[in-house]
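Within every chain, numbering begins at 1; the chains are lettered A, B, ... in the order of the sequence lines, protein sequences first and strands thereafter.
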Amino acid sequence: MDFVAILRIALRALARNKLRSGLTMLGIIIGVGAVIAMVGVGQGANQQVQSQIANMGTNLLVVQAGSANMGGVRTGSSAVKTLIVDDMNAITRECTAVKEAAPGVQTRGQIIYQNQNWAPSGGITGTTSEYFDVRSWPIKEGESFDKSEVDRAANVAVLGTTVVDVMFGGEDPLGKTIRIKNLPFKVIGVTVSKGQSSFGQDQDDIVFVPYTTVQKKLAGITWLQTIHVQAISQEATALAQQQIETLLRERHRLRQDEDNDFMVRNLADVAQLAEESGRVMTLLLGSIASVSLIVGGIGIMNIMLVSVTERTREIGIRMAIGATESDVQRQFLIEAVVLSLIGGILGIMAGLASSGIISKVLRWPTSISPVAIVVAVFFSIGVGIFFGFYPARKAARLDPIEALRYE
Amino acid sequence: MATASIPATPEVNTRRGNVIHMEGVHKIYDLGEQKVHALRGVSLDVNKGEFVAIMGASGGGKSTFMNIVGCLDRPSKGSYILEGTDVSTLNKVDLAHIRNRRIGFVFQGFNLLARTTAMENVELPCIYSAIPTKERHERAMRALTRVGLKGREHHFPSQLSGGQQQRVAIARALVNSPAILLADEPTGNLDSRTSVEIMDIFQDLNEEGITTIMVTHEPDIAAYAKRTVIFKDGRIRLDQVVPSRSIAREVLPTLPSVESELASQDGEQE
């Protein structure tokens with residue numbers, strides 16, 4: 001019995017009861033639509049987290065001073081004075097997996113320009129020009145400090161866009177002089193806007209000066225608080241972390257039983273963790289939505305059972321003129337699959353539409369992968385087969401004599 | 001491909017032209033508590049080209065007999081050889097193939113599929129024997145022409161009169177060129193004039209050589225057959241040649257033309 005003929009019979013049988021078929025499909029439409037939309041929401045959130053992490057800098061590792069357990073007393077990073085600029089130089093020199101490194105030393109303070117004053121929430125960061133490479137944070141206007149400015153602890157500053165907006169209004173900040181802790185600083189550059197961090201902090205509310213200037217003139221310290229390190233590749237981050245830890249333990253002359261007096265944070269780990277939690281969320285949303293798909297499947301089963309009972313006589317006629325059990329079973333199975341497949345395709349459209357609405361109205365990013373659509377199609381076929389099997393079996397098992405006599 | 005699954009049984013005890021050979025057929029229904037002995041040893045031979053009317057009171061075993069002849073059921077005991085094939089031992093799938101190719105059913109209630117055109121109803125047996133679309137259409141067209149329904153192939157059963165519906169059913173029974181035409185009370189739902197018209201078709205087909213077996217409880221309908229077999233209490237009570245056979249072609253002109261629209265509908269068609 002050829003497939004086109006069975007398909008025609010199935011479509012005709014479904015068209016006979018349009019309202020009923022439509023309502024049955026609605027169960028699958030809602031189910032598939034919900035799964036598509038929820039997975040879209042989950043994946044969209046995941047992608048956003050990923051891009052925020054990438055935004056922090058590619059293949060980034062952060063070495064932080066402190067968090068050492070010194071005789072049971074955990075001290076803050078500022079209290080640890082062992083991380084110095086020579087460590088950083090050693091890292092760039094000796095660690096093969098490291099591409100670049102930039103020092104970091106923070107201080108806080110009021111900045112003043114004419115009659116404006118402002119305390120940037122990101123503080124005043126002392127660093128070198130490598131910092132902007134490592135953090136993928138280019139200079140928009142002007143330039144960053146050069147080596148000689150770092151060496152002589154020059155009073156030059158690079159501003160984040162928020163600081164420019166607050167202090168200068170519409171004015172061009174380049175070449176202007178601001179005062180930080182009563183010292184005059186020449187503005188030589190402005191960074192591009194980096195937007196909010198994943199914690200909702202304004203990353204552009206910040207002032208950069210050479211690290212030597214912070215150490216000597218603003219804070220009066222000799223050590224560093226952070227070293228930002230860029231590994232040569234994504235895969236090399238773990239190796240770089242290991243190399244840095246070994247090197248620094250050696251340089252800081254830590255004994256075997258001593259804890260690190262520094263901490264290396266690998267952003268790839270953070271990214272992986274975020275991805276993991278994103279995947280869990282997607283799975284959770286998807287499985288909640290799947291429940292409605294199962295309910296839709298039960299709807300199909302219900303209607304198919306009703307249909308088999310109603311069409312007992314038809315089944316009898318078909319068997320009398322030569323339909324075998326498997327012909328009858330195939331016919332009802334295909335009806336169920338056609339129901340669920342059409343429902344599935346409409347459900348995909350509904351899912352795409354509703355995730356579009358979610359991202360428009362709720363401003364929540366959504367992302368629907370082609371894989372999700374293919375899976376949805378196969379899943380709805382599977383639902384049709386699974387829930388159509390029992391009714392089809394029931395139809396095929398009918399005794400033709402009884403079925404012909406059925407009123 | 002389905003043909004291959006019908007076992008090629010050797011010719012068993014068949015004289016030339018013997019379509020049905022039944023010997024000592026019993027049918028016992030086991031209803032748990034009691035056993036119903038519906039057929040108690042039926043032996044019957046039907047030759048090619050015969051027109052047999054099966055008669056008898058309800059409960060006499062004629063329905064059970066027809067179910068076995070039609071391969072819808074198997075005998076509990078005894079053998080049934082249809083055109084040289086012993087069908088009493090076949091499985092369900094093989095029986096379905098036998099029904100599809102060798103038996104044409106005509107029912108009392110027409111049993112057409114609703115919301116399905118006359119053409120598609122007639123094509124149905126061909127669908128189950130995997131006949132290509134083009135040949136299917138040709139065969140169905142030929143069968144419909146044969147029962148005088150040319151021009152009505154795209155009508156739905158609800159748009160046809162009772163007589164026309166029964167003709168569609170006859171066309172459906174003929175489409176796979178079966179060995180026997182099996183009619184179960186074919187005129188039970190029809191008025192007397194239409195009944196004679198249907199008998200006219202049966203007699204025409206029989207003239208062309210189609211073996212026909214028809215269950216009826218109306219003696220005047222049975223009179224259109226060539227031979228009558230009467231069942232009683234699960235056995236054949238009487239098996240005789242119809243003494244004065246009615247010929248539908250001759251009876252029709254003597255009948256008053258029916259006043260209803262049925263007649264005018266049939267008139268249009270001619």
I'd like a table of donor-acceptor pairs (distance under 3.5 Å, sequence neighbours excluded) in which one partner is a side-chain atom from residues 34-44 of chain A, with atom names and distances.
none

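Heavy atoms of other residues, nucleotides or ligands lying less than 6.0 angstrom from OH of Tyr80(B) number more than 12. At most 12 heavy atoms of other shown residues, nucleotides or ligands fall within 6.0 angstrom of atom CZ in Phe378(A).
Contact count against chain B (heavy-atom pairs under 4.5 Å) is highest for Ile401(A) among Ile401(A), Leu404(A), Thr324(A). Heavy-atom pairs under 4.5 Å with chain B peak, among Ile321(A), Asp399(A), Val4(A), at Ile321(A). Contact count versus chain A (heavy atoms, under 4.5 Å) is highest, among Cys71(B), Pro125(B), Gly104(B), Cys126(B), for Pro125(B). Considering only heavy-atom pairs separated by less than 4.5 Å from chain B, the leading option among Arg311(A), Glu314(A), Met319(A), Arg12(A) is Arg12(A).
Pairing each heavy atom of Ala96(B) with each of Ala323(A), the nearest pair is CB-O, 3.9 Å. When all heavy atoms are compared, the tightest approach of Asn100(B) to Gly322(A) is CB-CA, 3.5 Å. In this structure, Ala320(A) and Phe107(B) approach most closely via the heavy-atom pair CB-CZ, 3.9 Å.
Interface remark: Glu123(B) contributes no atoms to any contact with chain A (heavy atom separation under 4.5 Å). Heavy atoms closer than 4.5 Å to chain A are found in the backbone of Ala114(B), but not in its side chain.
Arg16(A) contributes no side-chain N or O that, together with a main-chain N or O of Arg115(B), makes up a donor-acceptor pair within less than 3.5 Å. No side-chain donor-acceptor contact under 3.5 Å links Asn111(B) to the backbone of Ile317(A).
Under the 4.5 Å side-chain criterion, counting only non-hydrogen atoms from C-beta, Val93(B) is not in contact with Glu325(A). Residues Leu113(B) and Arg318(A) have side chains in contact (heavy-atom distance under 4.5 Å, counting atoms from C-beta outward).
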